[in-house]
Amino acid sequence: MEKTFENWLVISDIDGTLNNKFRQLPKRNYAAIKKFTDLGGNFTLASGRLTSSLKRNYDRVPCNRPAIVLNGAGLYDFSKNEMIWRSTIGDKGQDFVRIVIKKYHEVFKSLDVGIYFDDFVYIVRSGAFGKGTMKIDKAHYKVASIDEVPREGWMKVIFWGFPFMIDSLRRLIDRSDIKHDVNFMASSPYSIEMLAKRTHKGLGITKLADMIKIDKSHIAAIGDYYNDYDMLKTVGLPACAGQAPKAIHKLCKFEACHCNRGCVADLLEYIMSGKAEEDMISGQQAQ
């Protein structure tokens, strides 16, 4: 009788992990996910995307659990079409965005700013980066003044700009007390994201694991960049795509192949082979 994997939860990042560098899904990833879920395994995606943008990727593979959206700010159940949990940015975080836009208008005049809700974005500083992201993600958005943005429901904020502008913003963050009230993360060399305090993909995964009663030791996650760092720190089996930065490799217990060759399949095959359990037991014995 073939072994089943009801006690495992596996979460994958999308771009550069589930998908290759051309944003295409490698066939071996699909095949491995299908086999894993057919054998009872729990599989879902974690992304910084809005729900509608993530849905296109979610529907391409046999996911069977709610997805972690907006880099951990929400859990979305596509079977019910509803956000089942969310973490929103409070007044201090919102005030920081207003300071960047209004007080430091000249300093950050080439910085684009997007404020994300469940499935809608207000672009309050508009330029090529913000508009380009909206086009790529096919997001629902509106270019508006920050004074038009509702006060309730801020899931995350993205600041986009050239690296020198992002460095300037980071220096402002380091000088400000705001870093104690929200969570900042680099999602690319051209962007910094702001979420509620202690909010990241790892928090969303923890909430999901609690809901479906999966032990941390049997939660695996795979990613490829610094915005996956907190997610990988949270789980029992952190894994990375082959092209991930060195700092991410150092954090991981399993190093998969390059995303172009199907790194998610590498991780799932490692689990389904029983080797993950063997390594877990030998690691416990070594301690």
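Computed from a predicted model, the values in this text were never measured in an experiment.
A ring-centre distance under 6.0 Å is found for F184 and F96. Centroid-to-centroid, the aromatic rings of Y141 and F120 stay 6.0 Å apart or farther. The ring of F159 has its center no closer than 6.0 angstrom to the ring center of F108. A ring-centre distance under 6.0 Å is found for F117 and Y122.
Looking at N64, its side chain does come within 3.5 Å of a backbone N or O of G41 through a donor-acceptor pair. Although no hydrogens or angles enter the test, the distance criterion places a donor-acceptor pair under 3.5 Å between the side chain of D119 and the main chain of S52. At distances below 3.5 Å, not a single donor-acceptor pair connects side-chain atoms of E193 with backbone N or O atoms of A186. Without hydrogens or angle criteria, D77 side chain to I84 main chain gives no donor-acceptor distance under 3.5 Å. At least one donor-acceptor pair under 3.5 Å links the side chain of T44 to the backbone N or O of R65.
In this structure, I205 is not a member of the same hydrophobic cluster as F43, with clusters built from ILVMFWY side-chain heavy atoms closer than 4.5 Å. W154 and L70 fall within a single hydrophobic cluster, where Ile, Leu, Val, Met, Phe, Trp and Tyr are joined by side-chain heavy atoms under 4.5 Å apart, directly or via other members.
A salt bridge is absent between K35 and D38: the closest approach of a Lys/Arg side-chain nitrogen to an acidic carboxylate oxygen does not fall below 4.0 angstrom. Remark: D279 does not engage K253 in a salt bridge, criterion side-chain N to carboxylate O under 4.0 Å. The pair D137-R56 does not meet the salt-bridge criterion, since no charged nitrogen lies less than 4.0 angstrom from a carboxylate oxygen. Ion pairing of D13 with K201 is present here, as a side-chain N (NZ or NE/NH1/NH2) and a carboxylate O approach within less than 4.0 Å. A salt bridge does not link K179 with D174: none of the charged nitrogens is closer than 4.0 Å to a carboxylate oxygen. Using a 4.0 Å cut-off between charged nitrogen and carboxylate oxygen, D266 and R261 do not count as a salt-bridge pair. The pair K275-E269 does not meet the salt-bridge criterion, since no charged nitrogen lies less than 4.0 angstrom from a carboxylate oxygen.
At a cut-off of 3.5 Å, with distance as the only test, a side-chain donor of N19 or N57 sits close to an acceptor on the other residue.
Taking a 6.0 Å sphere around CZ of F164, one finds it holds more than 12 heavy atoms contributed by other residues, nucleotides or ligands.
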